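In this text, all values refer to a predicted model and were calculated from it rather than measured experimentally.
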Number of protein chains: 2
Amino acid sequence: MLTIGTLAKRTGTKVQTIRYYEQIGLMPEPGRTDGGQRRYGDAELDRLAFIRHSRQLGFPLDAIRELLDLSDAPDRPCHEADEIARRQLKLVEQRMERLKALRAELKRMVKECSGGNAAQCRVLEVLRDHSECLTEHDQIGV
Amino acid sequence: MLTIGTLAKRTGTKVQTIRYYEQIGLMPEPGRTDGGQRRYGDAELDRLAFIRHSRQLGFPLDAIRELLDLSDAPDRPCHEADEIARRQLKLVEQRMERLKALRAELKRMVKECSGGNAAQCRVLEVLRDHSECLTEHDQIGV
DNA sequence: GTTACATCCTCTAGCTACTGTAGGTTCAAG
DNA sequence: CTTGAACCTACAGTAGCTAGAGGATGTAAC
């Protein structure tokens, strides 16, 4: 029987985060001691590890919920999980493209800064004048 | 004299976002009509464009606040702006490294999925078993 | 048996950067 | 003068946690 703190340490999660996952129904309500403290078994440890690993791969909680459902139903076809993973891969690739463009513009900005005062600052100038910008920006979330 | 809607259209911002920027002190309180509607001048248009462009480059609002302060004080030395931009560049590069690792793992997951049912699904298996994971994950934010 | 203290509990609020909605008012054109 | 788009305030909600207050519990040492 594991305390919430042990579970937290073993999976690299904050205690509050585990309670939060319980609250939103991602983790089950565990058994309690007479005094009301949570006690977990190995199944919960595995489940939390699954969640955390998925989070580290950037899956949103909704996707993780779907993946957990699939994982709980071993006879369901696999392509759904595959599709979720592909979707995530696509997202990651999009983000990378976007970051590449940002990096280019930031590099340009920084390189051209000659170190005078704010009036001649290239960094500020580039930010001020969008027309100098080489990259397309349609979305803001990076 | 520009309405808030015009300002929004010209800078690709939502009206609510502009009001939000005003609320947090990033945009100044503009003049009003007798009926209480906001009216802007070109200075505000420029300021908002500056903010938006900075946001598109991923600068957090706090950094933008600093950049705006610098921009308002043309005789202050430029290296502060340079430093903020460098910091941002570094962040972008870190995120890219991280995404690269994620992409590798996601690709591996997806490639190995043979299309059976959930019990044999490699995607789920990889997520379940962190030890198969090649990459280091210390932070979750991508 | 008691004391000390780490860990646990619930509840609430806060973070970033917005976005959406409800219910009502104003502006400009026809 | 009427119509309808655009404006107003105020509040709630989004993702995914994180932090703090104020108090209860569990366990090891004495």
Side-chain angles (χ1 to χ4, degrees), chain A residues 1-27 29-40 44 48 50-68 87-88 91 95 137-142, chain B residues 1-27 29-40 44 48 50-68 87-88 91 95 137-142:
Chain A
M1 287 295 122
L2 310 164
T3 64
I4 196 170
T6 313
L7 213 64
K9 246 172 243 157
R10 294 249 191 109
T11 56
T13 316
K14 296 254 157 101
V15 166
Q16 290 103 311
T17 304
I18 299 175
R19 290 199 277 248
Y20 169 71
Y21 286 160
E22 181 184 328
Q23 196 186 304
I24 62 171
L26 211 56
M27 287 292 285
E29 288 185 25
R32 302 266 185 159
T33 62
D34 290 350
Q37 296 194 358
R38 291 169 179 81
R39 288 299 123 97
Y40 295 94
E44 281 95 345
L48 183 56
F50 185 104
I51 295 171
R52 283 274 107 184
H53 191 194
S54 304
R55 283 295 297 131
Q56 284 164 337
L57 287 168
F59 288 95
L61 293 181
D62 276 356
I64 296 173
R65 217 183 284 270
E66 288 182 68
L67 290 167
L68 281 166
R87 209 191 302 149
Q88 182 61 19
L91 244 169
R95 272 187 221 158
H137 306 304
D138 24 30
Q139 42 169 182
I140 280 195
V142 187
Chain B
M1 285 296 120
L2 310 163
T3 65
I4 197 170
T6 313
L7 213 64
K9 247 172 243 156
R10 295 246 193 112
T11 56
T13 315
K14 296 254 158 98
V15 166
Q16 290 103 312
T17 304
I18 299 175
R19 291 200 275 249
Y20 169 71
Y21 287 160
E22 181 183 328
Q23 195 187 305
I24 63 170
L26 210 56
M27 286 293 284
E29 288 185 25
R32 303 266 186 158
T33 63
D34 290 350
Q37 297 195 357
R38 292 168 178 82
R39 289 298 123 99
Y40 296 94
E44 281 95 346
L48 183 56
F50 184 104
I51 295 172
R52 283 274 107 184
H53 191 195
S54 305
R55 283 296 297 130
Q56 283 163 338
L57 287 167
F59 288 95
L61 292 181
D62 276 356
I64 295 173
R65 218 183 283 270
E66 288 182 68
L67 289 167
L68 281 167
R87 210 191 301 150
Q88 182 59 19
L91 244 168
R95 273 187 219 158
H137 306 304
D138 24 29
Q139 41 170 181
I140 281 197
V142 187

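With sequence neighbours excluded, no residue satisfies side-chain hydrogen bond (donor to acceptor under 3.5 Å, both in side chains) with Gln16(B). Qualifying side-chain hydrogen bond (donor to acceptor under 3.5 Å, both in side chains) partners for Arg39(A), counting only residues two or more places apart in sequence or in other chains: Gln37(A). For Glu22(A), the side-chain hydrogen bond (donor to acceptor under 3.5 Å, both in side chains) partners two or more places apart in sequence, or in a different chain, are Arg38(A).
With contacts defined as side-chain heavy-atom distances shorter than 4.5 Å, the pair Thr11(B)/His53(B) does not qualify. Within the 4.5 Å cutoff, no side-chain heavy atoms of Tyr20(B) are placed close to those of Leu26(B). Between Glu44(B) and Leu2(B), every side-chain heavy-atom pair lies at or beyond the 4.5 Å cut-off. With contacts defined as side-chain heavy-atom distances shorter than 4.5 Å, the pair Tyr40(A)/Thr6(A) does not qualify.
For the pair Met1(B) CE and dT26(C) P, the interatomic distance rounds to 21 Å; values are reported in whole Å. The nearest whole Å value for the distance from the CG atom in Leu48(A) to the C1' atom in dG16(D) is 14 Å. At whole-Å resolution of the value, CZ in Arg55(A) and C1' in dA15(D) are 8 Å apart. Rounded to whole Å, atom P of dC11(C) lies 10 Å from atom CD of Gln23(A). Distance, Lys9(A) NZ to dA6(C) P: 12 Å, rounded to whole Å. Atom-to-atom, CG of Leu2(B) to C1' of dC7(D) comes out at 15 Å; the value is rounded to the nearest Å. Counting to the nearest Å, the P atom of dC8(C) and the CD atom of Glu22(A) are 14 Å from each other. Separating the CG atom of Leu61(B) from the P atom of dT19(C) is a distance of 11 Å, rounded to the nearest angstrom.
Residue Ile4(B) is classed as a sugar-phosphate contact, given heavy-atom separations below 4.0 Å to backbone atoms only.
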Protein and nucleotides 12-14 of chain D: nitrogen or oxygen contacts under 3.5 angstrom:
none

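Pairing each heavy atom of Ile24(B) with each of Arg65(B), the nearest pair is O-NH1, 3.0 Å. Listed here is the closest heavy atom pair of Phe59(A) and Ile64(A): O-CD1, 3.6 Å.
For DNA chain C, the neighbouring residues in residues 11-20 of chain B, judged by any heavy atom under 4.0 Å, are Lys14(B), Gln16(B), Thr17(B), Tyr20(B). Across residues 30-38 of chain A, Thr33(A), Gly35(A), Gln37(A) each have a non-hydrogen atom less than 4.0 Å from an atom of DNA chain D (numbered order).
For Tyr21(A), a side-chain nitrogen or oxygen approaches OP1 or OP2 of dC17(D) to under 4.0 Å.
Under the 3.5 Å distance criterion, the side-chain polar atoms of Gln88(A) are matched with a main-chain donor or acceptor of Leu57(A).
Each of Thr13(B), Ile18(B), Val15(B) was checked for a side chain to side chain contact (heavy atoms under 4.5 Å, CB included) with Leu7(B), and the lone residue meeting it is Ile18(B).
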